[in-house]
Amino acid sequence: MLLIRLRDRLQHRLRDDDGAAMASVLALMLVGALISTLILSSVIGAFAQTTQTRANVQSQAAAQAGISVAVAGLQKATGDPQSCQAVGGVYESASAPRYRATVWYNGVRGCPTGAGAVKVISSGWASAPGIAGASSGDVAYLEATFAIGMSQASGAALYIYNSSNLNAFSVDVADPTSAGNVMVENGSIGCTSNSTIRGDIIVANGAVNITNTCHITGSIRATGNIKITSNVTVDGDVISSGGSIELTNDTIVVGGGIYANGFATVHGRVGQNIEATGVITMVNTASAAGSVWGGSSASISGSIGGDLTVVGALSIPQSGTTIKGSVTAGGRLNPVAANTKIDGSVSAAGTGETKFNNSANVKILGNFAVGGTLDGAKENNKPSSGASDSDKVAWYLKDRTIVIGTVRHSIAGLTVPVGPTPRPAPTVPGWVDWKYTESEWTANGFTKLVWPTTHCSVGNWNKDEAAIATVLNQIKNSTVPLVVDATGCPSLSIQMGGTINVRSDIAIINKSFTGADLTWGSADGQPHKLYLLTSDGNTALAGPQCTGGAADSDPWGKWVVTGPLAAIVYTPCTFKLNAGTQWRGQLYAGNFAMSSSESLVFVPVGIPGTSLSAGGGSGPQVGVLSPMESLRNRSGNGE
């Protein structure tokens, strides 16, 4: 009975606890749901934060990409389809990375037209936006700032639009790493006296004639014929893309190679290969350290350091000729002179007779094969009494070890080589049509000064008069750049002699200028620039137009430009150098006339806002952007 009562009491107690247990379970379920909600909210929040961070990285990268594209466009020429002008100063991408970059110049939307401040504002969009309202990183706005100057690409040391004779004119360089190139657009150029050109001579549409101990440290490239005589040294190549080449004297030295789209006649020494589409003639002691390759026939005397390959017939007429490589001719080989030495093999596909002159003194270290017959020394009944004359000569060549390899004659199907591929014509930047525009200069820091028209000729008789003394003193003493407008004078003539030392950049705009002995220099030891500029008479017409009042400039005295000052002459007319003029800077003219012993030390000067290197066109040309000055985030795109 006791056990029964204990069981009943326990069951009763359990029935009494059923409600409390259910409440506990429900409470536990509510706590679990709350925890799950909190966890889910936390997960969603964390994920949203992650997507926002990702979006921010993507939008920032897209905005950066927009800045990079805009900067690249700002460096392109106006005619380029990606230039700032071509795209209206807006660079956009509709696909990832998606951006819109706008260009601003001096605080205004638009492309730069001169020196000043440039900024690029770029909007970038994330390719994967944030979720759950985490959108603050979906779009980024960046602003990059730069400074920009006017282009002043200087071009060649000496630029001649029409042909000229350099006489004893020499071109040196102030910087040994630069080249004092001479460029000629049209006509021929000559060098007829003792001169040194430390650079290339490039003639776009004409010929070259150089003689009398001229030394060119670069190359000569022309479309027309090139003729070189008498003690001339060319350290580089000699290339005619449309004519012949003649080296007419054994004292000539060419350090590079020769290429002629025509015939090539060579005396002297060539440091590399000789190539010609036409006949090649090497005379007397001529030598080529490289190979010789011709598109026609060839006559070879002297020495060749490599192979000899010609499309047509080949003759080796002079005793003592040496060829270090092999010989391949599409035509007949005849004759082979005494003491000829060929270190490689010989193949001549043409028919006809190959004659050895004193073959006992010839040496061919490779094989020998010709399409025709042989004539030369032989022995009776060798190799047999019935052998042909060609067979007997072949036996003799082999038996006497004149030919070390095999000897074959009357062979069909020997290789006929192809000739050299014609080379493109040399390029010279087209004439730059420059015209004085006051605003371009004043916008770039130059102060305008007007030359008094009452003193277009200045000499010791009037230099102290108030009108001219004021101008001369400003030119000498100004510490800010000056642009001196002397176009009111039909010609500016400075005849007072002496020295004009300046303390800033000076531009003198004139219709022409003349003068007696005069020295220009720097008063403070700084590298200032002097511009002597004559506007092109009609910038709408290609090429120099010596019209509209422009006239030839002729400083008949000895003009000297001393360092660190550097000066440039630009004139569509003729510029005459006289009396041993010593120029430092650049010369750019429609034509040049020299007397004797003038010289130029090349220092790049250029013209502000103009690229003499690009050629053609007129108007301002913007220079290179500075490195990025600042980069910051923005709250908007500024539009």
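- Test N205, V428, I160, V203 against N186 for side chain to side chain contact (heavy atoms under 4.5 Å, CB included) and you get one pass: N205.
- When atom types are taken as modelled, the side chain of T437 and the backbone of S439 share no donor-acceptor pair closer than 3.5 angstrom.
- Remark: side-chain polar atoms of Y159 are not paired, donor with acceptor, to backbone N or O of N181 under 3.5 angstrom.
- Interatomic distance, S170 OG to Q582 CD, rounded to the nearest 0.5 Å: 11.0 Å.
- In this structure, CZ on F592 lies 6.5 Å from CG on L577, to the nearest 0.5 angstrom.
- To the nearest 0.5 Å, atoms OG (S504) and CD1 (I475) are separated by 9.5 Å.
- S188 and S163 share no side-chain donor-acceptor pair at under 3.5 Å.
- Counting only N and O atoms by type, the side chains of W451 and N510 include no donor and acceptor under 3.5 Å apart.
- No side-chain donor-acceptor contact under 3.5 Å links S522 to the backbone of P564.
- Checked against the 6.0 Å centroid threshold, Y531 and W520 do not count as a close aromatic pair.
- The aromatic rings of W583 and F575 sit perpendicular to each other, their planes meeting at more than 60°, with 30° as the lower class boundary.
- Looking at K529 and D505, no side-chain N of the basic residue comes within less than 4.0 Å of a carboxylate O on the acidic one, giving no salt bridge.
- The aromatic rings of W434 and W441 stand perpendicular to each other, their planes meeting at an angle above 60°, with 30° marking the opposite boundary.
- Side chain of S195 to backbone of F169: a donor-acceptor contact under 3.5 angstrom is found.
- Under the 3.5 Å distance criterion, the side-chain polar atoms of T217 are left unmatched by any main-chain donor or acceptor of D235.
- Between the CE atom in M628 and the OG1 atom in T145 there is a gap of 8.0 Å [rounded to 0.5 Å].
- Looking only at side-chain heavy atoms (C-beta outward), W431 and P572 come within less than 4.5 Å of each other.
- Although no hydrogens or angles enter the test, the distance criterion places no donor-acceptor pair under 3.5 Å between the side chain of R503 and the main chain of D524.
- Of the possible polar contacts, one joining the E598 side chain to the G580 backbone as a donor-acceptor pair under 3.5 Å is found.
- Between the Q58 side chain and the W125 main chain, no donor and acceptor come within less than 3.5 Å of each other.
- Interatomic distance, E639 CD to W104 CH2, rounded to the nearest 0.5 Å: 6.0 Å.
- Inspection of the T499 and N501 side chains reveals no N or O donor paired with an N or O acceptor under 3.5 Å.
- The side chain to side chain contact (heavy atoms under 4.5 Å, CB included) test with I509 is passed by exactly one of V484, T487, T534: T487.
- P426 is listed as a side-chain neighbour of T223, based on a closest heavy-atom distance under 4.5 Å.
- No donor-acceptor pair closer than 3.5 Å links the side chain of N462 to the backbone N or O of V458.
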Inset, instruction - May I have the step-by-step check of side-chain contact (heavy atoms from CB on, under 4.5 Å) for F602 and L158, ending in yes or no? - result: CA-CA 8 Å; F602 172 53; L158 174 62; over 6 Å; no
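- Using modelled atom types and a 3.5 Å distance limit, the side chains of Q545 and D433 yield no donor-acceptor pair.
- S59 places a side-chain N or O within donor-acceptor distance of the main-chain N or O of N56, the cut-off being under 3.5 Å.
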